[in-house]
Number of protein chains: 2
Amino acid sequence: MNKEKNFQGYLHDKGLKSTRQRDDIASFFLQKDKHFSVEELYHEIKKIEPQIGYATVYRTLKLLVESGLATKCQFSEGFTRFEPVHEGKHHDHLVCLKCGKIIEFKNDKIEQLQIEVARELDFELTNHKCVLYGYCSRCKD
Amino acid sequence: MNKEKNFQGYLHDKGLKSTRQRDDIASFFLQKDKHFSVEELYHEIKKIEPQIGYATVYRTLKLLVESGLATKCQFSEGFTRFEPVHEGKHHDHLVCLKCGKIIEFKNDKIEQLQIEVARELDFELTNHKCVLYGYCSRCKD
DNA sequence: CACGTAATGAAAATGAATTTCAAAATCAAT
DNA sequence: ATTGATTTTGAAATTCATTTTCATTACGTG
Ligand SMILES: [Mn+2]
Ligand SMILES: [Mn+2]
Ligand SMILES: [Zn+2]
Ligand SMILES: [Zn+2]
């Protein structure tokens with residue numbers, strides 16, 4: 001898998017070591033398409049690597065974010081979620097306030113308008129977060 | 001001031017009491033145009049009401065949000081900010097990653113496109129947060 | 001293999017936010 | 001104004017996500 005190669009490359013370039021724990025976390029995380037809480041990921045990794053500690057999961061997620069392979073999601077749940085990046089494609093989210101379902105969307109017009117907003121305000125844009133809250137098709141009514 | 005009347009009305013309707021502390025916090029907060037951290041607000045209120053406790057500031061902000069007179073802002077700073085609502089006008093934010101400056105913007109096209117995105121995904125929209133991160137005119141370069 | 005360095009994990013620490021609880025304040029009914 | 005039921009307050013304790021500490025273990029270059 002190419003993402004794992006990228007992670008190995010990132011570690012090497014930074015003079016960091018490849019370890020069984022890091023590799024297990026990265027390869028499990030990167031092959032899923034999911035918005036993980038740290039707790040969820042910790043419990044999944046426990047099955048593969050029973051001695052793993054929370055600190056290592058936190059530390060490895062930080063490295064994945066720094067390497068550009070993961071992004072942080074803050075959905076006002078009181079904790080952070082992390083998701084593997086989707087092949088260089090940025091997207092935003094809808095979050096169901098009842099069941100917690102997370103739906104992804106991509107809208108180039110919105111992205112373009114955000115760039116214009118920033119330019120008009122003489123602001124150099126680096127990234128953004130757009131989260132739509134409400135009720136999914138199964139939870140509404 | 002009308003907002004303070006609304007707060008008094010909210011308290012009365014919910015069978016809650018009007019207290020010197022609540023009234024001082026609400027009237028100070030509602031007349032400012034600022035994105036307050038709880039700590040900032042606490043220190044400002046201390047000047048007016050030296051015996052105030054953090055818990056009362058937190059509790060009053062919660063009431064202000066519930067009454068629709070304040071909104072929570074989460075700018076990935078590790079804590080929550082609160083701002084008085086602007087006369088029924090929704091807006092979003094740009095946040096400078098260097099100096100922390102918060103710039104407001106309003107873009108009806110983006111808002112409309114968000115509504116369309118939600119409709120296409122059969123999602124009942126209640127609210128949204130859109131935060132653009134980058135560098136303000138003074139901090140870029 | 002050996003050594004210097006980095007990583008791990010359990011436990012402690014941190015920090016924002018909430019809860020607890022005894023004392024004080026509010027307010028509707030007298 | 002006085003009462004008294006109920007709510008609010010503030011200091012301190014608690015909670016919970018996340019970070020840090022530190023002794024031990026693992027990595028990887030030579
Ligand atoms: Mn996603
Ligand atoms: Mn604002
Ligand atoms: Zn739902
Ligand atoms: Zn700036």
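Within every chain, numbering begins at 1; the chains are lettered A, B, ... in the order of the sequence lines, protein sequences first and strands thereafter. Nothing here was measured: the structure is a model prediction, and the numbers come from that model.
When the nucleotides C:dC27, C:dA28, C:dA7 are ranked by their closest atom to the side chain of B:Ser18, C:dC27 comes out on top.
Rounded to a whole Å, the CG atom of A:Asp24 is 11 Å from the P atom of C:dT8. Protein atom CD of B:Glu77 is 11 Å distant from nucleotide atom P of C:dA17, rounded to whole Å. Atom CD1 of A:Ile52 and atom P of C:dT8 are 7 Å apart (whole Å). Regarding B:Glu49, its CD atom lies at a distance of 13 Å from the C1' atom of C:dA24, rounded to whole Å. Taking atom CG of B:Leu61 as the reference point, atom P of C:dA17 lies 10 Å away to the nearest angstrom. Rounded to an integer number of Å, the gap from B:Leu11 CG to C:dC27 P is 9 Å. One atom, CZ of B:Phe36, and another, C1' of C:dA16, lie 19 Å apart when rounded to the nearest Å. The separation between A:Phe7 atom CZ and C:dA7 atom C1' is 12 Å, rounded to whole Å.
Boundaries of the chain B contact region on DNA chain D are D:dT6 to D:dA11, first to last in 5' to 3' order (nucleotide atom under 4.0 Å from a heavy atom).
When heavy atoms are screened at a 4.0 angstrom cut-off, B:Glu39 is found touching no nucleic acid atom at all. Looking at heavy-atom distances under 4.0 Å, A:Phe79 makes contact with sugar-phosphate atoms alone, never a base. B:Arg59 comes within 4.0 angstrom of a base, heavy atoms only.
Qualifying salt bridge (charged side-chain N to carboxylate O under 4.0 Å, His left out) partners for A:Arg81, counting only residues two or more places apart in sequence or in other chains: A:Glu40, A:Glu77.
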Show, in sequence, the C-alpha distance, side-chain angles and deciding distance for B:Leu63 and B:Leu11, and conclude whether the side chain to side chain contact (heavy atoms under 4.5 Å, CB included) test is met.
CA-CA 8 Å; B:Leu63 292 175; B:Leu11 293 179; 4.1 Å; yes
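At a cut-off of 3.5 Å, with distance as the only test, a side-chain donor of A:Asp92 or A:His128 sits close to an acceptor on the other residue. A donor-acceptor pair shorter than 3.5 Å cannot be found between the side chains of A:Ser37 and A:Tyr42. No side-chain N or O of A:Asn6 forms a donor-acceptor pair with one of A:Ser67 less than 3.5 Å apart. Side-chain contact of B:Glu104 with B:His35: a donor-acceptor pair under 3.5 Å is present, judged by distance alone.
Applying the 6.0 Å contact sphere to NZ of B:Lys140 captures more than 12 heavy atoms from other residues, nucleotides or ligands. Applying the 6.0 Å contact sphere to NZ of B:Lys46 captures more than 12 heavy atoms from other residues, nucleotides or ligands.
Mapping B:Leu16 and B:Phe82 onto DNA chain C by nearest heavy atom places B:Phe82 closer to the 5' end of the strand. Toward the 5' end of DNA chain D, the nearer of the two residues A:Thr19 and B:Gly53, judged by each one's closest nucleotide, is B:Gly53. When each of B:Arg20 and B:Lys17 is assigned the nucleotide of DNA chain D bearing its nearest heavy atom, the one mapping closer to the 5' terminus is B:Lys17.
If one axis is set at each end of the helix from C:dC1-D:dG30 to C:dT30-D:dA1 from five pairs, those axes are 30° apart, to 10°.
Side-chain N/O atoms of A:Gln21 include one lying less than 4.0 angstrom from OP1 or OP2 on C:dG9.
Criterion: ILVMFWY side-chain heavy atoms under 4.5 Å apart, direct or through other members. Under it, A:Phe36 and A:Ile102 are not part of a common hydrophobic cluster.
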